[in-house]
Amino acid sequence: MHIECFVLTLKILYIVIFIKYVLYSSAIFFKGEYMQQKNNKIRNIAIIAHVDHGKTTLVDAMLKQSGLFRDNQVVTERLMDNMELERERGITIAAKNCSIKWKGVKINILDTPGHSDFGGEVERALSMVEGVILLVDASEGPLPQTRFVLEKALKNKLKLIVVINKIDRQDARPKEVLDEIYDLLIDLDATEDQLDFPLAYAVGKDGIAVKSLNEKSDNLHILLDMILDSIPGPTYEENKPFQMLVSDLSYSDYLGRLAIGKIINGSTESKNNLVCINEDNILIPLKISKLQVYNGVSITEANRVEAGDIIILSGINDVKIGDTITTEENPESLPRIIVDEPTVFMEFSVNTSPYAGRDGQFVQSKKIKERLYNESLKNVSIKVEEAANSEKYIVKGRGEFQLAILIEMMRREGFELSVSRPQVIFRNINGVKCEPIEYLLINCPEEYSGIVTEKLLRKKGTLINMINKSNGRVRLEFNVPSRALIGYKDEFLTDTHGTGIMNSSFIGYEKYRGDFPARFSGSLVSDRQGKAVAYALGNLEARGKLFIKPGDDVYEGMIIGEYSRDNDLNVNPCKTKKLTNLRAAGKDDAIILAPPIQITLEKAIQFIKEDEMIEITPKVIRLRKTILSAQQRKNN
């Protein structure tokens with residue numbers, strides 16, 4: 001009798017344990033856990049690729065074929081590139097959101113930058129999606145920045161769709177490119193599930209996608225169906241209160257600060273009272289003044305929003321990227337967005353040249369500080385610190401190109417400022433001085449590979465791979481210090497006669513590799529203020545390459561050209577011809593000068609040395625010495 005009771009008790013105990021296990025593994029509410037659900041009405045995807053592989057063009061075709069526009073509606077190209085700089089340069093600078101409807105499902109699409117300097121944009125975009133479309137050029141294949149963005153996606157365990165684009169190119173090699181994609185995935189330690197990706201071939205500009213090269217198509221329906229079938233809907237925990245991770249910020253003149261992000265759990269309605277949890281876990285109360293969602297390339301107001309959707313919320317001013325917006329009753333923060341640390345910095349300061357204040361609308365230190373601070377709020381990879389001098393600010397970023405874009409935007413907004421040469425950020429790791437290292441990929445004609453390799457080895461680079469192609473070009477792979485690439489692009493294009501292509505991406509920190517010369521030429525420096533004279537410039541042409549033309553304003557300490565030797569030379573560009581009573585042969589001959597080198601912002605950043613700066617105004621870009629007085633420079 002006792003044995004039977006004991007056996008019965010054991011059976012009951014096993015049944016109870018089994019029921020608890022089933023309830024727990026099914027994620028039904030049990031001991032504080034919530035049931036996992038999927039919102040199958042929504043898909044969130046990001047399109048990632050290297051620069052100029054066709055991301056924005058593909059998004060254009062998806063928007064048109066989803067029925068967003070009328071058949072007779074005139075639509076501009078590259079709809080998502082709405083910044084003036086993006087349209088000029090043909091690149092995506094800031095990640096942007098849009099949405100389409102396909103077979104009753106809302107697809108939120110995030111168009112991300114392809115340049116590794118804008119990696120912060122990629123990282124915050126990937127925090128809002130469940131899957132990515134990896135777009136690769138059918139001729140160029142995966143490039144360093146393809147590797148950069150793909151590595152981020154794999155770390156986030158996002159579902160992958162691969163699209164080999166531009167298969168209509170004459171030099172397209174889709175089969176070889178597919179093998180290169182597999183090699184890249186294996187090199188990045190992709191899982192078996194990530195290696196088993198859906199594949200499509202496309203011609204983005206024509207809006208065509210096929211599953212195999214033998215198929216014919218006139219639309220992107222295969223790709224859109226692939227998104228619905230392969231990318232999972234966003235998951236959320238049922239009965240959990242509203243939680244939203246702020247991944248982007250914007251501003252409206254009518255609504256104030258706008259917080260953009262994905263709803264991780266729960267739902268909310270307009271006019272609800274919520275709280276914002278900042279990085280110090282301080283609760284900031286807010287009331288939703290307006291809720292908006294993406295509808296095509298525009299936004300529309302919504303009274304209620306649900307888990308999984310990407311929304312725009314207004315009603316709070318003190319909010320930063322990475323903050324959590326949730327309910328007052330159950331304030332629980334989400335993991336913050338983690339971005340890679342900056343690797344370069346530049347010094348921003350007020351313009352102190354004799355011509356300061358002529359062109360700019362914003363010239364005060366306070367205005368520059370406000371603009372830089374606002375940029376750091378919207379761009380998680382930009383960091384701003386005040387220097388010891390109250391009128392100088394240290395701006396840290398991912399690369400010189402990212403900082404150049406920021407400077408160009410400020411210039412167009414009416415700012416006057418001075419900036420220093422970019423410098424890398426060194427780190428002390430376990431007592432060892434370390435510097436940022438980049439993976440550099442070069443494609444150039446074979447006859448120029450020698451000079452390219454020689455110069456990069458001189459800059460402490462290491463050649464890790466070399467592939468000779470059948471078309472007379474060679475592919476070179478290097479590991480080089482980041483500081484070696486500052487100012488190298490123009491030199492590289494000169495060495496390869498404009499036929500070389502170089503791309504790089506940051507790979508990590510290594511032990512400091514030693515010093516090397518940054519520039520082998522000096523500067524021609526004006527020794528006085530005035531206007532440049534043709535007679536003086538004609539005599540200076542033999543000294544080097546000039547940056548100015550007759551009639552240009554100059555001042556003491558301004559760099560007017562590149563000296564052919566490795567030291568600086570103080571010159572007088574305002575010198576006029578002496579008047580005499582004697583007439584000589586050739587006295588009245590016209591002075592013919594070679595066209596001066598046009599200084600762009602990128603060229604200026606690459607040219608200047610540590611003791612030089614760039615004067616930036618809305619109308620002109622000038623190079624100058626940090627110390628303007630020739631006598632003070634001599635004493636120092």
Side-chain angles (χ1 to χ4, degrees), residues 344 346-347 349 352-355 400 404 418-424 451 454-456 458-460 481 483-495 514-550 552-575 593-616 620-636:
V344 300
M346 293 176 72
E347 193 176 83
S349 60
T352 57
S353 85
Y355 299 140
E400 59 178 296
S418 297
V419 298
S420 68
R421 175 181 171 83
Q423 298 181 58
V424 299
I451 184 65
E454 179 188 341
K455 288 195 173 181
L456 286 173
R458 199 184 299 160
K459 291 175 178 284
K460 307 299 180 181
R483 58 196 168 98
L485 299 181
I486 297 175
Y488 176 66
K489 188 174 182 181
D490 279 354
E491 186 180 349
F492 169 74
L493 290 174
T494 302
D495 292 339
D515 299 330
F516 54 82
R519 199 177 91 203
F520 293 97
S521 59
S523 300
L524 295 174
V525 185
S526 173
D527 63 359
R528 68 199 63 203
Q529 186 171 337
K531 287 189 179 291
V533 176
Y535 173 75
L537 297 183
N539 293 327
L540 291 176
E541 277 193 326
R543 302 283 188 174
K545 301 173 183 176
L546 298 178
F547 301 153
I548 61 172
K549 61 182 184 299
D552 284 353
D553 292 319
V554 296
Y555 55 83
E556 183 181 9
M558 177 176 162
I559 299 170
I560 65 165
E562 180 179 6
Y563 190 26
S564 55
R565 299 185 180 181
D566 60 359
N567 60 300
D568 295 337
L569 180 67
N570 294 320
V571 298
N572 178 10
C574 309
K575 183 179 179 181
L593 299 174
I597 297 173
Q598 297 295 321
I599 292 295
T600 62
L601 182 57
E602 283 83 359
K603 282 184 178 179
I605 290 174
Q606 293 168 5
F607 177 80
I608 60 174
K609 295 189 289 189
E610 284 75 9
D611 65 336
E612 298 169 349
M613 300 183 75
I614 309 170
E615 176 192 351
I616 295 157
V620 295
I621 294 174
R622 301 185 183 98
L623 307 183
R624 51 163 284 183
K625 287 291 182 179
T626 303
I627 300 174
L628 294 179
S629 169
Q631 187 62 44
Q632 288 184 24
R633 289 199 305 274
K634 184 179 179 180
N635 294 338
N636 286 342

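Excluded from the calculations below are hydrogen atoms, water molecules and symmetry mates; all remaining heavy atoms, backbone and side chain alike, are included. Quick caveat: nothing in here was measured; it's all calculated off a predicted structure.
Nearest heavy atoms, V419 versus I616: CG2-CD1, 3.7 Å. Closest non-hydrogen pair, L540 versus N572, comes out as CD1-O, 4.5 Å. The two residues P596 and K549 make their nearest non-hydrogen contact at CG-CB, 4.1 Å. Taking all atoms of both residues into account, the shortest heavy-atom contact from A604 to I599 is CB-CG2, 3.8 Å. Pairing each heavy atom of D553 with each of R622, the nearest pair is O-NE, 4.3 Å. Minimum heavy-atom separation, F547 to L623: CE1-CD1, 3.7 Å.
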The test is side chain to side chain contact (heavy atoms under 4.5 Å, CB included); show your working for F520 and D566 and say whether it passes.
CA-CA 5 Å; F520 293 97; D566 60 359; 5.7 Å; no
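R483 has its side chain within reach of F516: a pair of non-hydrogen atoms, C-beta onward, lies under 4.5 Å apart. Side-chain atoms of I486 and R421, non-hydrogen and from C-beta on, do get closer than 4.5 Å to each other. Using a 4.5 Å heavy-atom cutoff, the side chains of P573 and M558 are not in contact. L546 places a side-chain heavy atom less than 4.5 Å from the side chain of E541. Counting heavy atoms from C-beta outward, I548 and S526 have side chains that stay 4.5 Å or more apart. With contacts defined as side-chain heavy-atom distances shorter than 4.5 Å, the pair L456/Y488 qualifies. Side chains of P550 and L593 form a contact here, defined as non-hydrogen atoms less than 4.5 Å apart. The shortest distance between side-chain heavy atoms of E556 and R528 does not fall below 4.5 Å.
In this structure, K531 does not pair ionically with D552, as no charged nitrogen and carboxylate oxygen lie closer than 4.0 Å. Under 4.0 Å is where a charged nitrogen must lie from a carboxylate oxygen, and between R633 and D611 no such pair does.
The OG atom of S521 lies 13.0 Å from the CZ atom of R565; values are rounded to the nearest 0.5 Å. Here the OG atom belonging to S420 is positioned 9.5 Å from the CD1 atom belonging to I605, to the nearest 0.5 angstrom. Considering CD1 of I608 and CD1 of I614, their distance stands at 4.0 Å, rounded to 0.5 Å. To the nearest 0.5 Å, atoms CD (E615) and OH (Y355) are separated by 9.5 Å. Taking CD from E610 and CD from Q423, the interatomic distance works out to 6.0 Å, rounded to the nearest 0.5 Å. Residue D527 holds its CG atom at 12.0 Å from CD of Q631, rounded to the nearest 0.5 Å.
In terms of modelled atom types and a separation under 3.5 Å, the side chain of R458 and the main chain of K460 share no donor-acceptor contact. A donor-acceptor pair is defined here as one N or O able to donate and one able to accept, closer than 3.5 Å; such a pair exists between the side chain of S564 and the backbone of R543. At distances below 3.5 Å, not a single donor-acceptor pair connects side-chain atoms of S523 with backbone N or O atoms of V525.
Other residues, nucleotides and ligands place more than 12 heavy atoms under 6.0 Å from the NZ atom of K455. With a 6.0 Å radius and a threshold of 12 heavy atoms from other residues, nucleotides or ligands, K609 has its NZ atom above the threshold.
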